[in-house]
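In what follows, chains are A, B, ... by sequence order, proteins preceding strands, each numbered from 1. Given the structure is predicted, the values throughout are model-derived calculations rather than measurements.
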2 protein chains.
Amino acid sequence: MKIGELSRATGTNIETIRYYERIGLLPAPHRTAANYRSYGDAHRSRLTFVRHSRDLGFTIEEIRSLLDLSDHPERDCGEADRIASLHLEQVEEKIAQLALLRDELTRIVGRCRGGVAADCRVIEALGDHRLCAAEHP
Amino acid sequence: MKIGELSRATGTNIETIRYYERIGLLPAPHRTAANYRSYGDAHRSRLTFVRHSRDLGFTIEEIRSLLDLSDHPERDCGEADRIASLHLEQVEEKIAQLALLRDELTRIVGRCRGGVAADCRVIEALGDHRLCAAEHP
DNA sequence: ATGGAGCCTGTAGCAACTACAGGGTCAAGT
DNA sequence: ACTTGACCCTGTAGTTGCTACAGGCTCCAT
C-alpha cells in the first residue's frame, strides 16, 4: 500500500509517517519504480503499535525499547513491564500535579468579582505566590 | 541587581531571564559601564509574576495578555478572568484525559505475569487497540 | 494532452526553554 | 602587579514530536 493508504489505515499524518522513518522508528519500505514508498502488513502493525503507544503517552525512546523487545520475542518481558510501570508512575505524578494546579486556579478564578484590573484578584494572585494555598511546582 | 542575583531571587535560570527579555516578556534593563544587565524591584516583581504564571501552566501568550492588563489597571478585569477560566477548563480536561490513560496503563501493567516477550501482555496490548477498555485520545 | 490528486526531498517552524562556544569583566588573594 | 575563578556578554544550536511548506515528479481519468 502507498503512504496515503497507510495514513488512512492508521489515522497517522503522512508527514508523521515519513518522520518516523527518518528517525528509524519505522523501517524504510520498498520503493516502486516511481520511487513511491510501498508498505505491507508488517509496516501497518508496527505503525499501529507506535501510534497506540504515543496515544498512551510513551515517548519515542520508550517506544524504541518496546519495539526492540517485540522484535526479540525470546527476551525477558521484565523490561516492558518496567517501562510501562515507570510511565504509569509518571502519569500518576502528573495527575497529582495538575490537581494541585486545578485547585489553585479554582481558588484564583473564584475570587474575581469583576471591576478594573487594579483590583483584580486574579492578577494579584499571579503576582504573589504567598496567596497560594499549597506549594505547586 | 545583576542577572545572577535576580536569578537566585526568583529561582529562574539565567538563560531563561535573557530569553524572556529577547521575546519581549521582560523589559530590557539598564546596563552598567561593563554592559552588565542591572535590574530593579520592578523587574523582580514582573519576573515573579511571569514565573508564577508559568508554574500554573499559563502559556507565554496568555502571560503577555495578563501582563498587559496588569500594566493598565484602569481596564476591565473580565479578560483576566476569562483567560484564567479557560485555562482552568483546559487543566480539567487534561486531568480527565490523563485519568483515562492511567486506567488503561494500570490494566496493561497489571496483566504482565513475567515470562518472555513473545507472551508479554504489555506488548500485546500496545499492538492492539481493541484490547483497551475505553477510547483514549 | 491536460488537470488534479498524490507522491518525493529537504528545510524551516512551533513552545519554552537549555546548553554551549568564545569572549569580556571584576574582586580577592599572593 | 598579576593571576585565578566567578561572573557576565552575544549568538547560535539543540531539545521533543511533530507539522508545514516549497519546488518538483508521477499517475490516472477525461
Side-chain angles (χ1 to χ4, degrees), chain A residues 1-26 28-39 43 46-67 83 87 90-91 94 97 101 137, chain B residues 1-26 28-39 43 46-67 83 86-87 90-91 94 97 101 136-137:
Chain A
M1 92 192 87
K2 284 189 287 181
I3 199 168
E5 297 168 73
L6 181 63
S7 164
R8 280 185 296 276
T10 60
T12 311
N13 197 319
I14 288 182
E15 321 263 31
T16 305
I17 298 174
R18 289 199 279 248
Y19 168 70
Y20 286 161
E21 179 183 330
R22 206 161 57 241
I23 64 172
L25 209 57
L26 293 182
H30 288 122
R31 298 292 185 119
T32 68
N35 200 29
Y36 284 15
R37 288 171 178 83
S38 174
Y39 297 95
H43 286 101
R46 201 175 176 90
L47 181 52
T48 300
F49 185 104
V50 170
R51 285 314 304 172
H52 192 200
S53 303
R54 284 295 299 133
D55 284 346
L56 288 169
F58 288 95
T59 66
I60 299 281
E61 287 317 303
E62 284 168 340
I63 296 171
R64 236 186 257 282
S65 304
L66 290 167
L67 279 171
I83 293 173
H87 181 54
Q90 286 164 356
V91 168
K94 187 78 190 171
Q97 221 175 70
L101 287 198
Chain B
M1 106 191 77
K2 286 190 285 180
I3 199 168
E5 296 169 73
L6 181 63
S7 164
R8 280 186 296 276
T10 61
T12 311
N13 198 319
I14 288 182
E15 321 262 31
T16 305
I17 297 174
R18 289 199 278 248
Y19 168 70
Y20 286 161
E21 179 183 331
R22 207 163 54 242
I23 64 173
L25 210 56
L26 293 183
H30 288 121
R31 298 293 184 116
T32 68
N35 200 30
Y36 285 14
R37 288 172 178 83
S38 174
Y39 297 96
H43 287 103
R46 201 177 176 90
L47 181 52
T48 300
F49 185 104
V50 170
R51 285 314 305 172
H52 192 200
S53 303
R54 284 295 300 131
D55 284 346
L56 288 168
F58 289 94
T59 66
I60 299 279
E61 287 317 304
E62 285 167 338
I63 296 171
R64 237 186 256 282
S65 305
L66 291 168
L67 280 172
I83 293 172
L86 187 64
H87 182 54
Q90 286 164 357
V91 168
K94 187 77 189 171
Q97 221 176 67
L101 288 198
H136 49 78

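Atoms CZ (A/Arg64) and P (D/dT16) sit 10 Å apart, rounded to a whole Å. D/dT16 atom P lies 14 Å from atom CZ of A/Arg22, rounded to whole Å. Regarding A/Ile17, its CD1 atom lies at a distance of 16 Å from the C1' atom of D/dA20, rounded to whole Å. Atom CD1 in B/Ile14 sits about 12 Å away from atom P in D/dT10, given to the nearest Å. As rounded to whole Å, 14 Å separates atom C1' of D/dG17 from atom CG of A/Leu47. Rounding to whole angstrom units, CZ of residue A/Arg31 and P of D/dC25 are separated by 16 Å.
A residue-by-residue look at B/Lys2 and B/Ile60 shows that B/Ile60 has its nearest nucleotide of DNA chain C further toward the 5' end. Toward the 5' end of DNA chain D, the nearer of the two residues B/Arg37 and A/Ala33, judged by each one's closest nucleotide, is B/Arg37. Taking the nucleotide of DNA chain C with the nearest heavy atom to each of B/Glu61 and B/Tyr36, the more 5' of the two is matched to B/Glu61.
Between B/Arg46 and B/Leu26, some side-chain heavy-atom pair lies under the 4.5 Å cut-off. Taking 4.5 Å as the limit, every side-chain heavy atom of A/Tyr19 sits out of range of all side-chain heavy atoms of A/Asn13.
Between the side chains of A/Arg51 and A/Tyr20, at least one donor N or O lies within less than 3.5 Å of an accepting N or O.
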Under 3.5 Å donor-acceptor pairs involving side-chain atoms of residues 3-11 of chain B, not counting sequence neighbours:
unit_1	atom_1	unit_2	atom_2	d
B/Glu5	OE2	B/Lys2	N	3.1
B/Ser7	OG	B/Thr12	O	2.6
B/Thr10	OG1	B/Leu6	O	2.8
B/Thr10	OG1	B/Thr12	OG1	2.8

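No contact: B/Ile23 has no heavy atom under 4.0 Å from any strand. When heavy atoms are screened at a 4.0 angstrom cut-off, A/Phe58 is found touching no nucleic acid atom at all. Here B/Arg18 lies in heavy-atom contact (under 4.0 Å) with a base. Nucleic acid contact for A/Arg51: sugar-phosphate only, since backbone atoms but no base atoms lie under 4.0 Å from a heavy atom of the residue.
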Query raised in the report: A/Tyr39 and A/Leu47: side chain to side chain contact (heavy atoms under 4.5 Å, CB included), yes or no, with the steps?
Result: CA-CA 11 Å; A/Tyr39 297 95; A/Leu47 181 52; over 6 Å; no
Query raised in the report: Between A/Ile60 and A/Arg54, does a side chain to side chain contact (heavy atoms under 4.5 Å, CB included) hold up when you go through it step by step?
Result: CA-CA 8 Å; A/Ile60 299 281; A/Arg54 284 295 299 133; 4.1 Å; yes
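Put simply, chain A comes within 4.0 Å of DNA chain C, heavy atom to any atom, from C/dG6 to C/dT9, going 5' to 3'.
Of the charged side-chain nitrogens involved, none lies within less than 4.0 Å of a carboxylate oxygen, so that B/Glu21 and B/Arg18 do not count as a salt-bridged pair.
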